[in-house]
2 protein chains.
Amino acid sequence: MKGVPQPTLQRLVVYYRYLKKLAEMDEEKVVCSKKMGEDVGTSSAQVRKDLSYFGEFGCKGVGYEISTLMRCLERILGVNKRWKVVLVGAGNLGRALVNYQGFNRLGIEIVEAFDNDLDKIGNRVGALAVKNDKEMEIIIRKNNIKLAILAVPGEDAQQVARRLVAAGIRAIWNFAPEMLRLPADIHVYDENLAISLVTLIYKLNQDISSDSVKYIG
Amino acid sequence: MKGVPQPTLQRLVVYYRYLKKLAEMDEEKVVCSKKMGEDVGTSSAQVRKDLSYFGEFGCKGVGYEISTLMRCLERILGVNKRWKVVLVGAGNLGRALVNYQGFNRLGIEIVEAFDNDLDKIGNRVGALAVKNDKEMEIIIRKNNIKLAILAVPGEDAQQVARRLVAAGIRAIWNFAPEMLRLPADIHVYDENLAISLVTLIYKLNQDISSDSVKYIG
DNA sequence: TAGATTGTTAATCGATTAACAATC
DNA sequence: TAGATTGTTAATCGATTAACAATC
């Protein structure tokens with residue numbers, strides 16, 4: 001149950017969503033790794049290998065029972081439970097995340113939103129009212145919240161992150177373009193939108209450069 | 001210039017942002033790979049290796065001239081040019097992306113926003129007015145736009161993506177939780193927010209499970 | 001039984017790390 | 001010159017792929 005590669009974990013989420021869709025369509029009871037792989041864009045060997053980190057879920061010569069595997073993945077990933085989450089930073093991105101559908105389906109519930117901007121405090125964001133971030137620590141402690149979404153400006157990120165950890169937060173989904181320096185046992189996922197975008201621009205730019213080489217040479 | 005690992009590319013963006021900050025602070029003219037690595041959370045060997053894919057930028061015994069390396073990375077990544085981008089899907093996420101600062105700094109300019117929802121068409125999103133997606137193809141062609149942000153519901157994603165490609169789009173930043181099936185020469189970056197979040201939940205859940213083992217055993 | 005498909009082992013591939021000669 | 005640091009080569013590590021025995 002330890003040493004699961006990060007790529008495997010990410011594919012597991014994809015498998016889970018795929019199985020959920022299959023289950024909704026309700027056409028087949030069983031799916032094999034070959035079909036799964038083709039449908040989600042990987043190989044059958046990869047699918048079997050990924051699952052093998054967690055146990056045996058299939059039936060040789062037959063495949064995987066869709067509903068069973070789905071529920072197993074649900075438990076493995078932890079999305080069978082409900083998770084309370086706080087948002088810090090009620091800017092454009094933060095507001096979009098609160099309103100984003102699809103988190104609910106994964107058992108995520110954003111229960112509070114905080115900001116330090118007096119103009120934002122009190123505003124509605126989805127079903128929430130933005131609260132003063134001074135209340136942050138108390139509310140996080142009282143509700144025993146472990147997961148936070150950090151969507152504050154880069155220059156505030158480190159300081160806010162430390163406050164979150166001091167208040168009992170154990171995992172941070174970080175949208176600020178800053179390296180957070182936190183205790184090693186705090187889980188951080190850096191969601192760096194600029195990185196994603198620039199890798200696309202790089203490839204686009206490569207194409208164009210090699211095109212012009214064609215014209216010259 | 002080919003065969004650059006994706007992780008290298010992503011770190012290059014981090015180095016670039018780091019150097020920009022150093023340049024703004026204007027304290028040192030030169031930085032060495034050791035300091036760079038420590039400050040951005042990797043090793044000096046990794047920094048040198050990453051750069052070596054593109055040439056020689058340093059001075060043995062000295063380090064890298066900050067402003068020079070910055071400009072080199074700018075050109076390598078393609079962010080020295082301005083890139084026109086269209087947004088398709090003016091929901092919460094799409095609107096947040098249009099308003100997101102930080103893209104501008106990377107030379108990205110979102111020049112049009114489209115939607116098929118009559119309630120959204122005509123609304124302002126940042127400085128843009130949302131247009132009917134029926135006009136999409138014509139406008140993309142006319143302005144010779146190569147990059148699109150796809151923020152439509154999952155069920156529409158495949159069909160919209162095909163239309164974008166037919167209109168001349170060469171790279172898609174895909175926020176829809178769908179595998180796009182497109183010609184191999186189209187660049188797609190899947191930005192899957194659910195995947196990121198679930199990997200955090202998995203780790204959080206692991207912690208909690210092993211905690212309870214502690215109490216039992 | 002014959003055909004299909006799993007779970008796993010071994011082989012391959014690719015990225016990271018360590019070490020060091022070159023040289024400022 | 002002595003100390004520092006690059007760029008690169010070789011060693012290591014980790015993930016993917018291929019192959020196949022087990023078995024439904």
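Below, chains carry the letters A, B, ... as their sequence lines are ordered, and counting in each starts from 1. Everything quoted here is computed from the prediction, not taken from an experiment.
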Exercise. What's the verdict on side chain to side chain contact (heavy atoms under 4.5 Å, CB included) for B/L193 and A/L97, showing C-alpha distance, side-chain angles and the deciding distance?
Worked result: CA-CA 9 Å; B/L193 297 177; A/L97 291 169; 4.1 Å; yes
For this session: Determine the stems involving DNA chain D; a stem requires 3 or more consecutive pairs of the Watson-Crick or G-U wobble kind, each with both distances below 3.5 Å, and the answer is none if no such run exists.
Result: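 Paired runs of 3+ in DNA chain D: C:3-24 with D:3-24.
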Problem set entry | Side-chain touch A/V31/A/Y18, heavy atoms, less than 4.5 angstrom |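 The answer is yes, as the side chains (C-beta and beyond) meet within the 4.5 Å cut-off.
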Exercise. Do A/V13 and B/Y202 touch side chain to side chain, with heavy atoms closer than 4.5 Å?
Worked result: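 No, too far: nothing below the 4.5 Å cut-off.
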More than 12 heavy atoms of other residues, nucleotides or ligands under 6.0 Å from [atom1] of [X]: yes or no?
X: B/E109; atom1: CD; answer: yes
X: B/K20; atom1: NZ; answer: yes
X: B/K29; atom1: NZ; answer: no

For this session: Starting from the C-alpha separation in whole Å, work towards a yes-or-no answer on side chain to side chain contact (heavy atoms under 4.5 Å, CB included) for B/R95 and A/N92.
Result: CA-CA 8 Å; B/R95 290 203 304 274; A/N92 285 305; over 6 Å; no
Exercise. Just checking B/K49: base, sugar-phosphate only, or nothing, at a heavy-atom cut-off of under 4.0 Å?
Worked result: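 Base, at least one base heavy atom under 4.0 Å.
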For this session: Determine the contact category for B/S33: base if any of its heavy atoms lies under 4.0 Å from a base atom, sugar-phosphate if only primed atoms, P, OP1 or OP2 are that close, otherwise nothing.
Result: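 Sugar-phosphate contact only.
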Exercise. Where along residues 56-70 of chain A does a heavy atom come under 4.0 Å from DNA chain D, residue by residue in number order?
Worked result: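 Listed by number, they are A/C59, A/K60, A/G61.
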Exercise. So where does chain A start and stop touching DNA chain C, 5' to 3', when the test is distance under 4.0 Å to a non-hydrogen atom?
Worked result: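 Result: C/dA4 to C/dT9.
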Exercise. In terms of the nearest nucleotide of DNA chain C, which residue is placed more toward the 5' end: B/T8 or A/A45?
Worked result: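 Its nucleotide being nearer the 5' end, the pick is A/A45.
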Exercise. Which is it for B/I169 and B/E137 under the side chain to side chain contact (heavy atoms under 4.5 Å, CB included) test, yes or no, and what are the steps along the way?
Worked result: CA-CA 9 Å; B/I169 288 291; B/E137 284 89 341; over 6 Å; no
Exercise. Would you say the side-chain atoms of B/Q10 pair up with the backbone N or O of A/T199, donor to acceptor, closer than 3.5 Å?
Worked result: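 Side chain of B/Q10 to backbone of A/T199, a donor-acceptor pair under 3.5 Å: no, none is there.
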